[in-house]
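Numbering of ligands and ligand atoms starts at 1, following listing order. Just so it is clear, the structure is predicted and the values come from calculations on it, not from any experiment.
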Amino acid sequence: MADLDGKRLIRIGMLGCGVVGAGLAKLIAKHRPDFHRNGFDLRLTRVAVRDTRKRRDCDLAGVEVTTDVMAVAGASDVDLLVEVMGGADLAVRAGCTALARGVPLVSANKAGLARCLPQYIEAARQGSAAIGFESAAAAHIPIIEVLERSLACEEISLIKGVINGSTNYILTFMERAGCEYEEALADAAAKGFTEADPRLDVEGIDAAEKLSLLALKTFGAYFHPDRIHTEGITRITQADIRLALSLDHRIKLVAAARRAGDSLSLRVSPALIHRGELLADVDSEFNAIILEGPSFNQLTFLGKGAGQLPTASAVLNDIVRIVRNPGAGSLPGFARAGAESLKLAGTDSLALCYFLRMGIKEGADRAVLSALGKQGLPILSHSAVDHNGSRFLGVITDIVEESRILSLLPEVGRLPGVAGTPVFIRLDKDNYRDIVEREQSAYFGASLQRQSGAGV
Ligand SMILES: NC(=O)c1ccc[n+]([C@@H]2O[C@H](COP(=O)([O-])OP(=O)(O)OC[C@H]3O[C@@H](n4cnc5c(N)ncnc54)[C@H](OP(=O)(O)O)[C@@H]3O)[C@@H](O)[C@H]2O)c1
């Protein structure tokens, strides 16, 4: 750290200068007068990229550009390292090298952080260095800072959200264009809305990495993303979308961490969300996060979860926070009592409301519904749609154990009026009956049976 006309000069090394890195370079130039007003200056001194000859979407005049990532991480004229290159190998080694020698790190790399968190914690401890990763969790929603500071002593029972913009775009596109998943994925990829490897988005891996970071800050316990129950959106069909809509729901990829006593359930999976709920209206690249706790009931955050400026701006705010308060770091952060005794709950212990979709033969609606009732499936709502020459029935159940749903599916598939194997999708709300009853008493005063279609 050097002095510049009485202002503290912080020399920044940056690993990566792609979408986020170029955005950060532009924002640093733009906000220089703000830095000066606060008695410091930020200067980009070294940048590492893969290809030094590539044209960049920012001005790198006077910056030493290299392909040597470790040299930037170890340079004596770097006061703070920014990692916006991604990956869980070289990027992690470089970030940890800087931390271990006392250089603060600001990283947008959710994969590296979520997969190698213990390494970062150990390196930060060795170097007594701060780390900021606001941009890695939900880009421009300042949720890490809120959990770390504003809600440090809050008892939180649930954090859940729509935290992957690409899957949200794909599901929104399927709904609006009436197309199947593959066509929507191709559109998202063509518009640059998916990661270079789209499986990271559509299989829920990106959301699981973010959930791992969010759960760490919410409950104080670290669980590797591979331990999170993760399902993507690849099996969602147009029939699911249309049935969900006709049952007054939308389908979203929901990431949720719920604590009950010493048990923590961590889950990323598609879910039907009732259209009266805020999460149902979060479209395209927007993210939303909902917190629940006994003293505040519910808190909601909505904002841009990806993109050049939202992400770069979150990186810059982390840099400024560390520059203004060098002791402020986010790892391991505010410790929460009882975190070490938290155990991961499996999905086998779940009991929720479920949506079941099945192909049915012409004219078999009533017979199938009646057979489902005889099998003991408690049905709250049902609807049928015709799509591509086939008929599909969708039902929403009352609360049932997931193990029961799983054991019933093959039996349902063997019913005479059913064509093909049925699939299930969880409902976002544990208790859909609450929603139905609340709506009825508020608007209709009608019976549950009337709202739910034909009684079963
Ligand atoms: N984009 C978003 O909206 C967003 C949102 C939240 C978090 N993030 C995270 O931010 C990070 C960066 O994302 P991005 O969208 O900016 O990625 P990007 O556009 O692909 O940029 C990656 C940069 O890293 C450089 N790089 C990659 N591997 C390298 C290596 N082995 N050696 C040297 N340089 C290397 C690339 O160099 P070249 O340019 O020479 O290829 C490029 O400049 C990722 O961890 C991502 O998950 C992104």
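When heavy-atom distances to ligand 1 are checked against a 4.0 Å cut-off, Val20 comes that close through both its backbone and its side chain. Under 4.0 Å from ligand 1, the heavy atoms of Ser135 that appear belong solely to its backbone. Contact annotation for Val49 and ligand 1: heavy atoms of both the backbone and the side chain come within less than 4.0 Å of the ligand. The backbone and the side chain of Ala108 each have at least one atom closer than 4.0 Å to an atom of ligand 1 (non-hydrogen atoms only).
Thr66 and Arg46 share no donor-acceptor pair across their side chains, judged by distance under 3.5 Å alone. In summary, the side chains of Ser166 and Glu195 do not present any donor paired with an acceptor at a separation below 3.5 Å, with no hydrogens or angles considered.
The Asp51 neighbourhood of ligand 1 comprises atoms 40 (O), with distances under 4.0 Å to a heavy atom of that residue. The distance from ligand 1 to the heavy atoms of Ala306 drops below 4.0 Å at these ligand atoms: 3 (O). Within ligand 1, the atoms closer than 4.0 Å to a non-hydrogen atom of Lys54 are 38 (P), 39 (O), 40 (O), 41 (O), numbered from 1 in the order shown. Of all the atoms in ligand 1, the ones that sit under 4.0 Å from a non-hydrogen atom of Val69 are 32 (N), 33 (C). For ligand 1, the atoms closer than 4.0 angstrom to any heavy atom of Gly16 are 23 (C), 24 (O), 25 (C), 43 (O). Ligand 1 places these atoms under 4.0 Å from at least one heavy atom of Thr311: 2 (C), 3 (O), 4 (C), 5 (C), 6 (C), 7 (C).
Ligand 1 is approached by Cys17 to a heavy-atom distance shorter than 4.0 Å. At least one heavy atom of Arg56 sits less than 4.0 Å from an atom of ligand 1. For Gly307, the closest heavy-atom approach to ligand 1 falls below 4.0 Å.
Between Lys110, Met14, Met85, Arg50, it is Arg50 that holds the heavy atom closest to atom 36 (C) of ligand 1. Comparing Ala48, Gly192, Gly86 against atom 45 (O) of ligand 1, the shortest heavy-atom distance belongs to Gly86.
Looking at residues two or more places apart in sequence or on another chain, you find a salt bridge (charged side-chain N to carboxylate O under 4.0 Å, His left out) between Arg176 and Asp283.
There is no protein heavy atom less than 4.0 angstrom from atom 17 (O) of ligand 1. Within the 4.0 angstrom cut-off, atom 47 (O) of ligand 1 has one or more protein heavy-atom neighbours.
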